[in-house]
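Written below as structure tokens is the structure these notes are about.
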Amino acid sequence: MAMINKYDFIVIGSGIAGLTFALKVAKHGTVAIVTKKEDRESNTNYAQGGIASVLSNTDSIDSHISDTLIAGAGLCHEDAVRMMVMEGKSCIDELIKFGVEFSKNEAGALELGMEGGHSQNRIIHAKDFTGKEIERALIKATKENKSITVFENHIAIDLLVSEETAGEKTCDGVWVFNSKTETKKLFTGKCVMLCSGGVGNVFQHTTNPAIATGDGIAMAYRAGAKVANMEFVQFHPTSLYAPDANSFLISEALRGFGGVLKLKDGSTFMEKYHPLKSLAPRDIVARAIEKEMKLNNEPCVYLDATHLVSEKLKQEFPNIYNQCLKFGIDITKEMIPVVPAAHYMCGGIVTDKNAHTSIRRLYASGECACTGVHGANRLASNSLLEAVVYSRNAAADVVLLEDNLFAFTPSIEDEHSKTKSNFNLSKLSIIKSSIQKTMTQYVGIVRNNIGLQTALEKISVLKNEAEEIFKNNPLSYETIELRHFALTAKLIVEFAIQRKESRGLHYNIDYPETMESWKHDSVIEIQKRIIE
Ligand code: SIN
């Protein structure tokens with residue numbers, strides 16, 4: 001018999017979006033946070049840069065909005081951007097109230113860093129481990145809150161969505177698998193909040209942790225929620241190029257601090273591509289690096305910080321300094337070898353300003369959501385801010401929801417056996433690595449039509465295999481995750497094929513122009529084509 005867990009609010013994911021939401025709604029009811037590994041393992045934990053917010057006298061709300069719109073290449077929703085930017089200061093204040101300790105300058109005021117695409121210093125940060133510091137404080141606050149229960153090692157399988165009535169669907173809960181006890185559970189409540197993060201692992205090289213496999217987006221899509229703009233995958237220009245470095249992020253803040261992109265011979269190249277040089281918007285920097293690597297037949301380019309005051313460098317970037325040292329690179333004396341790596345999904349589950357999706361009682365916030373803020377290319381350090389703003393709005397919305405009177409009657413299918421899985425695990429890792437290889441080869445920074453069609457054929461076969469393995473075997477963490485992963489990859493390919501222009505992060509050499517006729521989100525056209 002499947003176990004039923006009833007909570008008022010169910011949150012999938014334990015990054016900044018999920019924890020902020022949980023802490024806000026905990027005053028109004030019981031909260032379950034479902035997380036597939038440990039509570040700390042989220043994209044937030046790996047964020048180095050910070051939170052963009054207008055705090056200096058020389059800065060303005062309009063300037064932050066304008067920088068965001070320019071980066072977004074015509075697809076940002078200006079109302080969403082304005083709402084987010086206006087709440088910047090109150091979000092920072094709230095995080096400080098939750099115990100987050102941001103870096104301060106000598107005068108005791110919050111230190112404002114610079115990152116690509118920003119015209120002002122406005123990045124509030126905690127040295128170069130901002131995400132980790134936010135996670136530390138928010139996890140501590142959730143642990144101290146008696147209304148919140150965290151379910152670690154619980155991976156979400158699928159949303160439970162009731163039949164359409166008058167064209168509307170309702171989310172009544174979510175099926176979850178406890179990978180330690182190998183049991184399936186149903187969580188039901190007033191609403192489900194998806195905060196499941198990004199998708200970076202569908203590529204071979206990513207700055208994301210291994211858990212970023214698109215689970216929430218895949219579940220929402222299967223349930224029939226609107227998903228948009230999945231072609232816009234942001235590649236971070238600078239991840240550490242070193243064997244076993246796992247694409248460790250070299251924060252853009254280091255370029256904001258004076259680091260300069262160079263070739264092996266020490267010459268600069270970014271002046272050929274953009275007036276902001278090393279601090280141009282990310283799509284431009286990533287494409288320029290890829291081009292220079294090809295032109296020079298080199299596996300990487302370099303980030304030079306050796307001209308900066310070494311004590312200051314170590315003080316401001318202790319995480320980067322120590323990690324690079326582990327790989328034998330002293331950043332105060334040597335240039336850092338860097339390559340672009342998949343970093344952030346700008347598309348995702350479509351939400352309104354309250355993080356409400358197209359399904360009743362289903363919400364989404366953070367990287368898995370598509371709020372309209374990022375458009376075709378996210379401005380650096382806007383994502384943590386977006387997550388806090390939308391999770392707060394969602395919290396204010398869901399506390400008004402009436403109880404869900406839904407009563408669950410399990411079907412035979414819901415009663416998965418507890419038998420140990422007996423399929424060959426190596427088969428799953430072959431499917432996973434084939435997807436990653438295909439996505440990297442054909443759906444990366446520079447795309448073309450033949451490559452995208454090839455990717456579609458290959459990924460379709462791999463996705464079907466992943467589905468078959470999921471259906472024909474007892475539940476396991478690996479089969480559940482692979483099913484989400486494969487669908488996420490297929491969505492990215494389908495969306496990339498659909499957009500017949502180049503814009504922001506989507507660059508197709510067969511359609512190099514940006515077209516007025518494509519100045520819109522890609523949503524409806526693709527829905528329902530993938531899931532038969
Ligand atoms: C970085 O530190 O470069 C990442 C910040 C971000 O992705 O917003």
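The residues of the chain are indexed from 1 along the displayed sequence. In each ligand, atom 1 is the first atom listed, and ligand 1 is the first ligand listed. Bear in mind the structure is a predicted one, so any value in this text is a computation, not a measurement.
Seen from the ring of Y477, K37 counts as a face-on cation partner, given the 6.0 Å and 45° thresholds. Annotation: cation-pi geometry not satisfied between R287 and Y273 (NZ/CZ under 6.0 angstrom from ring centroid, within 45° of ring axis).
Set against the non-hydrogen atoms of H343, the atoms of ligand 1 under 4.0 Å away are 4 (C), 6 (C), 7 (O). For ligand 1, the atoms closer than 4.0 angstrom to any heavy atom of S381 are 6 (C), 8 (O). Proximity to H236 (heavy-atom distance under 4.0 Å) selects the following atoms of ligand 1: 1 (C), 3 (O), 4 (C). For ligand 1, the atoms closer than 4.0 angstrom to any heavy atom of A380 are 8 (O). For ligand 1, the atoms sitting less than 4.0 Å from at least one non-hydrogen atom of E252 are 1 (C), 2 (O), 3 (O), numbered in the order shown with element in parentheses.
For ligand 1, one of its N or O atoms has an N or O atom of G49 under 3.5 Å away. At least one N or O atom of R378, backbone or side chain, sits closer than 3.5 Å to an N or O atom of ligand 1.
Ring centers of Y390 and Y363: at least 6.0 Å apart, outside the cut-off. Between F327 and F248, the gap from one ring centroid to the other reaches at least 6.0 Å.
H118 and H64 have tilted rings, their planes meeting at an angle from 30° to 60° on a 0 to 90° scale.
The closest approach between any non-hydrogen atom of Q234 and ligand 1 is not below 4.0 Å.
Side-chain contact between E501 and E513 is absent, with no heavy atoms from C-beta onward closer than 4.5 Å.
Checking side-chain atoms of D330 against main-chain N and O of T332 turns up a donor-acceptor pair under 3.5 Å.
Nearest protein neighbour of atom 2 (O) of ligand 1, counting heavy atoms only, is S251 OG, 2.6 Å. Nearest non-hydrogen protein atom to atom 5 (C) of ligand 1 is R282 NH2, 3.3 Å.
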